[in-house]
Participant: 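Before anything else, here's the structure in question.
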Protein chains: 2
Amino acid sequence: MENLIEEFRIFIKKKGLKYTPEREEILREILEVEDHFDVESLYLRLKNKNSKISKASIYRTLPILIEAGFIQEVYKQGGHSFYEVTLNKAPHLHFICISCGRVDEVIDKELNFLIKKHEKDKKYKLLTYHLEIFGICPDCREVK
Amino acid sequence: MENLIEEFRIFIKKKGLKYTPEREEILREILEVEDHFDVESLYLRLKNKNSKISKASIYRTLPILIEAGFIQEVYKQGGHSFYEVTLNKAPHLHFICISCGRVDEVIDKELNFLIKKHEKDKKYKLLTYHLEIFGICPDCREVK
DNA sequence: CCTGTAATTGAAAATTAATTTCAAAATAAT
DNA sequence: ATTATTTTGAAATTAATTTTCAATTACAGG
Ligand SMILES: [Mn+2]
Ligand SMILES: [Mn+2]
Ligand SMILES: [Zn+2]
Ligand SMILES: [Zn+2]
């Protein structure tokens, strides 16, 4: 935990940026979120703890955290982006229920293998990938 | 071509909607687009042909065409959606260069197989999926 | 063919996620 | 401490998409 904070501080300094309490506070909060999050939910979590962080600062800090490799933008839903901590997490795909919005994660080694293969074929330098599968979840199917 | 138009007319009537020249014109134009398109480019194509179709009508017609299975929303870039005709096209993944915006398509039968497997496992009713791979394309790598 | 009603249209206004602006505050090097 | 530079919160702006609304059109029934 604290080692991650320190790692972030070093990253910030190496980039010639200033290490501010706001940036640290946002990272600490994100490390406590267990599932996917968007800007709004993160903002509300912080607000509940009487933090005075503005949404603008969240919007400004997320790209830094992505660049530092702490988080990734994983999918869009209802017109806005969702993120997740991808530090110690295997790449995975997302099943998204278009009826209730539920999102299930599935880790798949075959998929990683398949993507590596295409990376070589296409001579792209791979950064990240998203596999989103849209459907109707079991719960929503039986409601019908 | 004309059989697709007729298929659309039947779909529209079956849904209890009205079959308007605007809806038909939009479908005809989309069937002529060979690659990915967004609302703006479609609007400009129509405008160039002296069509009076409004953007509002395009925005209203695209979801109908998606429901009818003629097109799919395939990825977002620069904050807006791109679509493609998916009628006679095998499902495929997209390599997206985050530097120049270039998009390469790759058809992969293994991927379809892999997704079908998860569909069964998770008991989701599959509708569609997107695999987007973000990276730097060969051209952009050598410019560096 | 008319006629009535309900849907659709284009244009403009509204919405909303994300970005930018700006003056005040904070960081960090000297 | 002094100073140059960055960052902040709040408000304004941007831009894609959605909604509103009055006028037009589709089309079912007579
Ligand atoms: Mn996930
Ligand atoms: Mn494609
Ligand atoms: Zn569901
Ligand atoms: Zn490129």
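Letters go in sequence order (proteins before strands), and every chain restarts at 1. Heavy atoms only: backbone and side chains are in, while hydrogens, waters and symmetry mates are out.
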Participant: Can you measure Tyr19(B) atom OH to dT9(C) atom P for me and round it to whole angstrom units?
Facilitator: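 Distance check: Tyr19(B) OH to dT9(C) P gives 12 Å.
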Participant: Please tell me which of the listed nucleotides, dG10(C), dT8(D), dG9(D), lies nearest to the side chain of Thr20(A)?
Facilitator: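 When the side chain of Thr20(A) is considered, dT8(D) is the closest of dG10(C), dT8(D), dG9(D).
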Participant: Would you classify Arg23(B) as touching base, sugar-phosphate or nothing, given that sugar-phosphate means primed atoms plus P, OP1 and OP2, and contacts are heavy atoms under 4.0 Å?
Facilitator: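 Here Arg23(B) touches the backbone only, sparing every base.
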Participant: Tell me: CG of Leu44(B) to P of dA16(D), nearest whole Å?
Facilitator: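 So the CG-P distance, Leu44(B) to dA16(D), works out to 12 Å.
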Participant: Do Tyr124(A) and His118(A) make the cut of ring centroids closer than 6.0 angstrom?
Facilitator: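 Centroid distance Tyr124(A)-His118(A): not below 6.0 Å, so no.
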Participant: Please check this pair: side chain of Gln72(B) against backbone of Thr86(B), looking for a donor-acceptor N/O pair closer than 3.5 Å.
Facilitator: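 Between the backbone of Thr86(B) and the side chain of Gln72(B) there is no qualifying donor-acceptor contact (under 3.5 Å).
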Participant: Does a salt bridge link Glu110(A) with Lys117(B), judged by any charged N lying under 4.0 Å from a carboxylate O?
Facilitator: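 Answer for the salt bridge query: yes.
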Participant: Distance check needed: dG9(D) C1' versus Glu25(A) CD, whole Å only.
Facilitator: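 For the pair Glu25(A) CD and dG9(D) C1', the rounded distance is 14 Å.
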Participant: Please report the distance, rounded to the nearest Å, between CD in Gln77(A) and P in dT16(C).
Facilitator: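 The answer, rounded to whole Å, is 17 Å.
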Participant: Tell me: CD of Glu24(A) to P of dA26(C), nearest whole Å?
Facilitator: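 About 17 Å, once rounded to whole Å.
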Participant: Between Arg9(A) (CZ) and dA28(C) (C1'), how many Å, whole number?
Facilitator: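 Spelled out: CZ on Arg9(A) to C1' on dA28(C) is 12 Å.
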Participant: Can you tell me the distance, in whole Å, between the CG atom of Asp38(B) and the P atom of dA15(D)?
Facilitator: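 Going from Asp38(B) (CG) to dA15(D) (P), I get 15 Å.
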Participant: Can you measure Lys52(A) atom NZ to dT7(D) atom P for me and round it to whole angstrom units?
Facilitator: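 Whole-Å distance recorded here is 19 Å.
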Participant: Any base atoms under 4.0 Å from Lys55(B), or only sugar-phosphate, or nothing? Heavy atoms, all strands.
Facilitator: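 No contact.
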Participant: Under 4.0 Å: is that the gap between some side-chain N or O of Ser57(A) and OP1 or OP2 of dT7(D)?
Facilitator: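 Result: no.
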Participant: What are the two closest heavy atoms between Phe11(A) and Glu67(A), and how far apart are they?
Facilitator: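 Answer, listing the atom of Phe11(A) first, then Glu67(A): CZ-C, 3.9 Å.
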Participant: Heavy atoms under 4.0 Å, any strand shown: does Lys13(A) hit a base, just sugar-phosphate, or nothing?
Facilitator: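 Counting heavy atoms under 4.0 Å across all strands, the contact made by Lys13(A) is with sugar-phosphate only.
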Participant: What nucleic acid atoms does Lys15(B) come within less than 4.0 Å of, heavy atoms only: base, sugar-phosphate, or nothing?
Facilitator: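 Here Lys15(B) touches no strand at all.
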Participant: What about Arg60(B): does its side chain form a donor-acceptor pair under 3.5 Å with the base of dT20(D)?
Facilitator: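 Present.
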Participant: On DNA chain D, check which nucleotide each of Tyr59(B) and Leu17(B) is closest to and give me the residue with the more 5' one.
Facilitator: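 Result: Tyr59(B).
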Participant: Any ion pair linking Arg28(B) and Glu2(B) (charged N to carboxylate O, less than 4.0 Å)?
Facilitator: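 A salt bridge is present here (some side-chain N lies under 4.0 Å from a carboxylate O).
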Participant: For the side chain of Lys18(B) and the base of dA6(C), is some donor closer than 3.5 Å to an acceptor across the two?
Facilitator: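 Checked by distance alone, the answer is yes.
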Participant: With DNA chain D as reference, determine whether Glu22(B) or Ala56(B) sits nearer its 5' end, using the nearest nucleotide of each.
Facilitator: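 Closest to the 5' end, via its nearest nucleotide, is Ala56(B).
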